[in-house]
Amino acid sequence: MKRQFGKWCAWAMILGGLYMAPRVLGVFELNVLLGTAIFALFSLSLNLLLSFTGLLSFGHAMFFAAGAYGTVLVLTRLSGFPLLPLIGIGAAAAIGLALLLSPLLVRVSGHAFAMLTMAFSQIMYATVMKLSHITGGNDGISGFAIPSVSIPVVGVVDMALEQNFYYFAISILGLSAWVMWFFTRTPFGSIMVGIRDNPERVTYLGFSVPLSKAIILCVSAGFAGVAGSIYALFQNMVSVDGVLGPLSSFSPLINCFIGGLGTFIGPIFGTGIGTILLELMSAHPEQAQLVFSLVLIAIVLFLPGGVIMLYWKANTRWMAVRQNIQNRFFKRRIYE
Amino acid sequence: MNAIAVMLITQAVHGLAYGMLLFLVASGFTLIFGMMGILNIAHASFFMLAAYVAFQIMAWSGNFWLALLLAPLAIAFLGILMERVMLRRIRRFKLGKALVLFELMLTVGIMVCIEEAVKNIWGTDPQIINAPDALRGLIPCFGMTYPAYRLFIIGLACSILILLSIVLFKTRLGNIVRAAVQDAEMTVALGINVPLVFTFVFGLGTWLAGVAGVAAGPLLTVFPGLANQMLLDSFIVVALGGFGSLMGAFIISMFLGELTAFGVQFFPGYSTIILFGFMAFVLTFRPLGLFGERE
Amino acid sequence: MNDQHEPADHILTTRGLNHYFGERQVLTDIQLEIQRGTRHAIIGPNGAGKTTLFNTITGKYKPKSGRIFFKGKDVTGFKPDKLARMGLGRSFQINSTFAGLSTFQNLRMAILARRKIRFNFFRFLDKIKSVTTETDAFLRRIGLAAERNLPAGLLSYGKHRCLELSLAMAVDPELVLLDEPAAGMSREETHKMVELIRELTQGKSVIIIEHDMDVVFSLADRITVLHHGEILATGSPSEIKSNQEVKDAYLGEAEVGNAA
């Protein structure tokens, strides 16, 4: 009962905080917050593969990029396309890519999966560069206007306003994160974890491992696409190095590891810590990545459970202390 | 001799030189993977770091040969440190299946760390290492002239290849290493100190990458992005050549070197797509034959 | 031969199965007929090809030649998951559970398979009460209720073995293949295991590989002796015990004395 209450309080605080953010924060801080949220969703979608299926992808940025390019290409070529379906197109582009690759990807795991995804993202990089008359190549596409949204009761909402776009983006991101969390809690989610632990046994229980993996891949890719789509709108540009550069696939992985493997919310913590680090290092931006990589190495070596383990450890220690106090003061009274 | 033939032969020598460098890097990569099951993403970063260390030694002493001797040793020392201090530590965590993920991520961290450290110390501008005077200029041979430095690289790589073959195929140590590549557990059962052999192989692999890095210095421009290209190319070599297979690595390296040399002229831009596409198919359909996931 | 109808009382029939590992022939002309509702033991020395036979029947290996009929249907070349959905279960010689998940979660996976809940993305698993109750009921039945929330990897060997068997049985297969269920167990544990097998496999068809002759003779209705990948003899336990060829090849020494 008490725990339920605490949980609701936490939720109310988070939602209230996100709602109040545009009123409290300046434009710069708001943009940092939204950027963090976008990458948190990207990391969460990667974590679906990493923590729940045990597949390490070195090329997840291709789905992010598919979402970004899908949205931007449709937006710049078809005028008058509404905003929400644009995000849907981003997701659909990423899912389409995942469907295309899944016949190959579901057959492998471990190192082979990592190398294969890396190969595919390299192919995508080369393809985007090759099709520079469509994609803009290195320069990318920029300077497009975000379409307004008309809501029946409220009226037309101008998305060029930071505050409005923030509310729009944060609700899509939050909803996506919730759907993903729900996904891990469904019967299929438990099969997903089974595949991570023992694919052979899952097969002999009568579940099709390749088909399940393909579904997980599509779901993960779809949400990466949503993140990419919002990222492109938020940045108001998409370029090959921005969404497919050398670190684009690695940084969400790093976020997952820093946050903590095997949990759902770990990547959110990891992304948050990454943002805080970057802001702390803002006076020396050229050393930021160096510090980031050192943090990653330190985490892997000394805290393999990630930052979230600190919370767990502190929690268990607190429980132990409380137990101890109870033992000392209450049990003794009973015996005396 | 007509101009086209000259052009083709020159191009072939270019390709051969790059292929040899690639082989030096990829052989260490494939040995480490075959033996320890570790895909060392940071391997190509050691190659790049070696070029910078050589640059620094050259800046201090001006002696290329000193750099060729010392820089690879420094790199091998770093490699051994990485194996003994870091990789060994996480092997002790009993992570089970997740060990692969942590090992990969650790090497990713080291890769990023090396790249950023290099950027911070030497900057992002390309640096130039000059070849020693003896190796500058052209050497006439069979009615043509070849750049001396490229011939030197080919000679250097060939002698290392021969040395490596002798160590691996003719000595007791080589037998142990090859046995451990085949089946590490069995080798432990035979009472051999496998961890020590692991360290040796890791040191050897990074030393080879170091030699390649120094040798590549005067040939390619030295800049932080060097690691990326080498990493992707050695990925292809390991995937296509087969894990732990030196012969496979050699053949694919030569092939890739020539393809890079000629591909630039005949199908610019598409060679990456074709290569990675091919690699993807090999990885998918023969992951056990060419790869062998460890149980 | 393909459209030959198998007798309805045979749940599984194999016709002339051959399998090779490279050049080496590991299964030679295997003819098996498993009666519906019986427990059929397969015995034979190590390396006789028993586990390979299991892997072939369950679809992990595709036989080089020969056909497999399950419930009268030709299932040669079917994948393991498809066969499992048709009602063919198996357990493993080496414990193969979900070591990181709790006993309850392990068994729940099998219960999901039993209730054919496969691609359900729309409900909270915890909110599907019937699955939870059924899993808990099964846990009580196999005596692991106290270990409900313990990760399977931390169970004692005997209990882990019991979970291994239960994972196969909880799916409610029509035919189950048990690969040395009592391997590595003490006398007492073996005894418990036999009782558990007896209880869980009631009314089902079972093929069991076992080295422990006590287990074999107390459970099996029929016995097949496998030797160097070939069937040496098939018959009732008493027939096998008195078969001279079998004695020479395999039983020979102390074991048959113990059992007799």
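Protein chains get the first letters and strands the later ones, always in sequence-line order, with residue 1 at the start of each.
In this structure, a donor-acceptor pair under 3.5 Å is absent between the side chains of A:T117 and A:H60. A donor-acceptor contact closer than 3.5 angstrom links the side chains of C:R90 and C:N55. Donor-acceptor pairing under 3.5 Å is lacking for the side chains of C:H19 and C:T52. In this model, a donor atom of one side chain and an acceptor atom of the other lie less than 3.5 Å apart for C:D74 and C:T76.
C:K79 does not touch chain A: none of its heavy atoms, backbone or side chain, sits under 4.5 Å away. With a 4.5 angstrom heavy-atom cutoff, A:V202 touches chain C via backbone and side-chain atoms both. Residue contact with chain A, scored on non-hydrogen atoms closer than 4.5 Å, involves the backbone of C:A99 exclusively. Using a 4.5 Å cut-off between heavy atoms, C:A168 touches chain A through backbone and side chain atoms alike. For A:F183, the part sitting under 4.5 Å from any heavy atom of chain C is the side chain, from C-beta outward, and nothing else.
Distance alone, capped at 3.5 Å, places no donor-acceptor pair between the A:N47 side chain and the A:C256 backbone.
Taking A:S208, A:G189, A:G262 one by one and counting their heavy-atom pairs under 4.5 Å with chain C, the maximum is reached by A:S208. The choice from C:A84, C:S96, C:G100, C:P173 that makes the most heavy-atom pairs within less than 4.5 Å of chain A is C:S96. Of the residues considered (C:V131, C:L101, C:I128, C:V171), C:L101 shows the highest number of contacts with chain A, using heavy-atom pairs under 4.5 Å. Counting heavy-atom pairs under 4.5 Å between each of C:R114, C:M109, C:K127 and chain A puts C:M109 at the top. The most heavy-atom pairs under 4.5 Å with chain C, out of A:Y204, A:F188, A:F207, come from A:Y204.
Taking 4.0 Å as the cut-off between side-chain N and carboxylate O, C:E164 and A:R201 count as a salt-bridged pair.
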From CA spacing to verdict: salt bridge (Lys or Arg N to Asp or Glu O under 4.0 Å), C:D172, C:K204: CA-CA 9 Å; C:D172 198 21; C:K204 294 188 192 332; 2.6 Å; yes

